[in-house]
A.B. asks: 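Dropping a structure here in structure tokens format, bear with me for questions.
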Amino acid sequence: MVVPHTHWDREWYLPFQRFRVALVRVLDEVLDAMAADPAYRFTMDGQLAAIEDYLEIRPGRRGDVARFVAEGRLAVGPWLVLADEFLCSGETLLRNLEYGMRGAAALGGAMPVGYLPDQFGHCAQMPQMLALAGLRVACLWRGVPAHVDRDAFDWTGADGTTIRTVYLPGGYGNAFGLFTGPPEGMPDRVAAFVSSAEGWAAGGTLLAMYGADHSAPGREITASGLRVATLAEALVAGPADGEVPRVAGELRSHARANILPGVISARVPLKQAMARAERILTRYAEPLSALWLADRSASGRLIDLAWRSVIACSGHDSITGCGSDETAQQVAARIAEAGQTAQAVVDLVAASLAEAAPKGALVVVNPSPFERTGLVLADLPEDRASLSDGRGRPVPLQRLEHAPTLLDETVMDDLSRLLGRVHERELYGHEIVSWAAADGVFTVTVSRHASGAYAYEDLRRAVLEAGPGPWVVRTVAEPVVTVAALVTVPPLGRAVLTARPPAPRPSSPRRPAPVATALRTDAYGFEPVLDNGLLRVRVADDGTLSLRGADGAEVHGVGRIVHGGDAGDTYNHAPPPDDRLLDRPSRVVVEEICSGPLTGAFEIVRVYDWPAGLGGDDGGDETVPTAVTTRVELRAGEPFARCEITMEVRCRDHRVRWHTPLPRVAAESYAEGQFAVVRRGLTAEGGGGERPVPAFPAESFAAAGGLAVLLDHVTEYEILKDGIGGDEIGGGGTEMALTLVRSVGYLSRNRNPCRDEPAGPEVPTPAAQCQGPLTARFAVLPYAGEWHDAGLPRLAEEFRHDLLAVPGTGAADACGTGGGVGGDGAGGRLAVGGDGVMMAALRERHGHLEARLVAEHPTATEAVIRGDFTAAWTAGVLGSPLSPLEVSHDDGADGQTSPASWRTVRVLLRPFEIATIHLAGA
């Protein structure tokens, strides 16, 4: 059965708009062919975005598109774009399906096939994601393991969902040559295709995918005598029944095709920006808007715009960084706009919360569905440099630094020039408190949050009465101190803190209670040590760290920086033949940044002499001194050390990795991402013309051998054996390496030593060298037992999602309520509990709250949802109800008190099961 189609990269070696010109030409030809020939069929690559892109230029052809879709001759969707499945969140993948299927429905209906033709491998939970969207059959190419010897197999996701999957031997263009050549040779070409495909056939139908990148099949195909169909028609009866191979989990094998794993570490700043935008949108803008805004007309539209941009950037030639520099620049700008749009919604919520709290107060919001105790920073007036909670209890504080008080000093002959700097009450970003003139000095006192009466006319009168100059004009800020406050906030709720004068005496009853996990330091100052009772961190002379957990897990030499060459491209890392791995700094300087009961930090500067390039014309033996700065911080109550690494990338064609030994030898690793915690071995299956590399992606954490790294963006990691790559035979893993940056100069090299064939055109990409400042954030901890015993999903949640602090701006009598909360102004509307149960998203949908949960736990667990609702049910990707849930009176789960109106829902979940819960009556 011949399936005419095209594979359309919206942006790749050309930027989006230049590719769109070709798209218009191609779809003009397709629609004209369909209008002229009722037998003509066409499959638009499984992604709706190409159709939408076309209709923006050809709006007059929307009727044609809708008619052909309704007739079943034009297959569109179900995706909005063909995303890279490992470089965006699982929630982004589900929204991609939602937007694609909803948009396709408006044109007549989505293709009921989970078509995944060109992604660079497939994530472990894709079967359940497709099933939640009502798609029971998938069709794909890359990542299929060697034991699949048929063109169909049963694919089981991490949660146990199984879908029948069609494999495309030879790729999505396996029949491209069928119609090339003289007509009289058609029988021979068909016979050759059948002969090559019969060995793969699991059923009676051979799928001949006639299409290629960025081109349309000719009209002559319907005259060939072969049956022509859309992919949906070809699979309408489902793929072959009966026994087929079985595959469980992610598809990242190199056996049948290359999976181009180097895209995980290409253009790292793109990955960082994507994760920030997703996080702001999914965990702040959407849930805070749903919970705290009364009028969501503006925020709803902004959220929709942000989602469309995020999904567009998740494309498999977009977020991967394997496009031209022009394309990468456009993707970066689009990600930035998505993040800014989502932040605008957060700003709306913050302004609403601020107006409901008095000036001088601090509103702290918890983005997590469980109670959190964590640090927030606040700038407080020196005379009110303490905080108390809603019950008047002092909040633990640590003073960090004083802000400068002299903001500006200028000599003015004409003092009226000062008025040009004043905007109502604002001056230099502060608010005017008072002014005074004496001895030729005109002093204006300002505050970040001024109180008391003010009138611009009074200031103007004082300036005019001061007379001629010269005057020394001083702008002085009220003394302000930056503090770290340890705050406890209810699930998805807020706490309103009030600034007060500091306690006068150590014995004052208003002093905060002692912090159970306060930091302790070396009393004599001989050692750079941080210790909070949960984790002890010591900085060694070479700049690495020693860690010892409260459970006895211990590791030394954490944080070795290793530099090596890279002769590859954006698709595949390739070490040069004479690669030298450099890990010894020429100089190490350690400085204490802060020390106190709530937070302590050291700054470690290591200077390295690294090669400027690979040699020859790229730099010869020239070396570049590079300072790598690591800020290690330990906070009260946290069992992990926060690390922030900064450097100026000045070398070319290289890779820099952060290494840590493992507390115990590991035979496997565990990595979280896309609604699953995936178990991986230390090798990768090869055989498809690409060197099998056991370097893998992780989204929120990677763990092996009793050590975990908590991540803030998708990061490439590898488990090494005695410092050697994990593909060595025998032995166990002794080190973990995280890629900080990988610098390359070509989109694809025609001759890459780790790949048999080019992955794209040999286009220079100087911006992919990632020159300039680079910052990487993560946290590290040793642990005893297994990853779930250490609670890694919850620790990653706390590391990745900071408490949100908003200074109050309301009147002095503002009560701090509003936004649908209880009378004390502190509670939220929802709490989620259960072993390993994590919240992926929370939003308003169809007038209800929708919570997306996932059981990141290796055994069955129970999700407990508590809140102010009266009805609940499970739902699919498109929001359609699936089954009702029993709602009972809240039983105060976990010993927590709650409002009398709260109810409880309990949902049993399989390991890694995704559950979408709708809550009504809230």
Side-chain angles (χ1 to χ4, degrees), residues 283 286-294 296 365-373 389-391 488-496 791 793-794 797 815-857 859-876 879-911 913-922:
R283 295 304 307 277
E286 267 195 333
L288 298 187
S289 172
L291 293 173
W292 301 101
L293 282 184
R296 290 182 284 272
V365 181
N366 180 5
S368 300
F370 51 84
E371 183 177 273
R372 290 268 302 271
T373 298
D389 64 16
R391 298 183 183 178
T488 298
V489 194
L492 291 167
R494 65 177 174 179
V496 180
R794 177 156 172 167
E797 159 82 12
C815 62
T817 60
V821 293
D824 64 356
R829 288 172 56 188
L830 201 67
V832 177
D835 290 341
V837 177
M838 307 306 298
M839 186 182 80
L842 177 69
R843 60 170 164 168
E844 182 196 32
R845 194 173 193 190
H846 309 318
H848 308 134
L849 280 181
E850 178 184 87
R852 187 108 61 209
L853 308 179
V854 58
E856 293 194 340
H857 202 263
T859 59
T861 188
E862 183 181 61
V864 181
I865 305 104
R866 303 164 54 240
D868 186 11
F869 51 82
T870 57
W873 58 90
T874 59
S880 54
L882 296 179
S883 60
L885 297 170
E886 181 180 352
V887 177
S888 61
H889 286 283
D890 183 45
D891 55 7
D894 303 322
Q896 298 180 10
T897 59
S898 57
S901 62
W902 273 32
R903 301 292 185 269
T904 298
V905 164
R906 298 177 179 274
V907 184
L908 293 175
L909 298 175
R910 303 184 304 273
E913 182 179 0
I914 306 163
T916 303
I917 311 296
H918 280 208
L919 305 168

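All of these numbers come straight from a predicted model, not from anything done at the bench.
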A.B. asks: Mind listing the closest non-hydrogen atom pair of H918 and H846 along with its distance?
C.D. replies: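 Smallest interatomic distance, heavy atoms only, reads CE1-CD2, 4.5 Å.
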A.B. asks: Side chains of M839 and F370: closer than 4.5 Å at any heavy-atom pair?
C.D. replies: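 No - every pair of side-chain heavy atoms lies 4.5 Å or more apart.
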A.B. asks: Can you check whether T488 reaches E371 side chain to side chain, under 4.5 Å on heavy atoms?
C.D. replies: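 The answer is yes, as the side chains (C-beta and beyond) meet within the 4.5 Å cut-off.
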A.B. asks: Checking salt bridge (Lys or Arg N to Asp or Glu O under 4.0 Å) for the pair E286/R296: CA distance, chi angles, key distance, verdict?
C.D. replies: CA-CA 10 Å; E286 267 195 333; R296 290 182 284 272; over 6 Å; no
A.B. asks: Hey, what do you get for CG (L842) to OG (S368), rounding to the nearest 0.5 Å?
C.D. replies: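 Answer for the CG-OG pair, L842 versus S368, is 11.5 Å.
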A.B. asks: Show the nearest heavy-atom pair for residues E797 and P369, with the distance to one decimal.
C.D. replies: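 That would be OE2-CD, 4.3 Å.
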A.B. asks: Where do S883 and T874 land on the side chain to side chain donor-acceptor pair (under 3.5 Å) test, with the steps shown first?
C.D. replies: CA-CA 5 Å; S883 60; T874 59; 2.9 Å; yes
A.B. asks: If you compare all heavy atoms of A855 against all heavy atoms of T861, which two are closest, and at what distance to 0.1 Å?
C.D. replies: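 Taking every non-hydrogen atom into account, CB-CG2, 3.6 Å.
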A.B. asks: Can you tell me how far CZ of R903 sits from CZ of R866, rounded to the nearest 0.5 angstrom?
C.D. replies: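 It is 12.5 Å, given to the nearest 0.5 Å.
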A.B. asks: For a 4.5 angstrom cut-off between non-hydrogen side-chain atoms, does E913 reach V854?
C.D. replies: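 Answer no - side chains too far apart.
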A.B. asks: Could you give the distance from OG1 (T916) to CG (L853), rounded to the nearest 0.5 Å?
C.D. replies: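 These two atoms lie 8.0 Å from each other.
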A.B. asks: Would you say that N366 contacts L492 through its side chain, given a criterion of any heavy-atom pair below 4.5 Å between the two side chains?
C.D. replies: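 Sidechains of L492 and N366: no contact.
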A.B. asks: Any heavy-atom pair between the side chains of V887 and T904 that's under 4.5 Å?
C.D. replies: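 No, too far: nothing below the 4.5 Å cut-off.
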A.B. asks: Taking all non-hydrogen atoms of both residues, which atom of L909 and which atom of A915 are closest, and how far apart?
C.D. replies: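 Residues L909 and A915, closest heavy atoms: CD2-CB, 3.7 Å.
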A.B. asks: Once you measure the plane-to-plane angle for W873 and H848, does it fall in the parallel (<30°), tilted (30-60°) or perpendicular (>60°) bin?
C.D. replies: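 The arrangement is perpendicular - the two ring planes meet at more than 60°.
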A.B. asks: Could you give me the CA-CA distance, side-chain angles and deciding distance for H857 and T859, then say whether side chain to side chain donor-acceptor pair (under 3.5 Å) is met?
C.D. replies: CA-CA 6 Å; H857 202 263; T859 59; 3.2 Å; yes
A.B. asks: At their closest point, which heavy atom of V905 faces which heavy atom of E886, and how far apart are they?
C.D. replies: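 That closest heavy-atom pairing would be CG2-O, 3.7 Å.
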A.B. asks: Does any part of the side chain of V365, heavy atoms only, come nearer than 4.5 Å to the side chain of L288, both counted from C-beta?
C.D. replies: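 Counting from C-beta outward, L288 and V365 do come under 4.5 Å.
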A.B. asks: Looking only at non-hydrogen atoms, find the nearest pair between V864 and R906 and report the distance.
C.D. replies: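 The pair with the smallest heavy-atom distance is CG2-NH1, 3.3 Å.
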A.B. asks: Are the side chains of L919 and L830 in touch, meaning some heavy atoms are under 4.5 Å apart?
C.D. replies: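 L919 vs L830: side chains touch.
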A.B. asks: Measuring from atom CG of L849 to atom CZ of R843, what distance do you get when rounded to the nearest 0.5 angstrom?
C.D. replies: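 That separation rounds to 11.5 Å.
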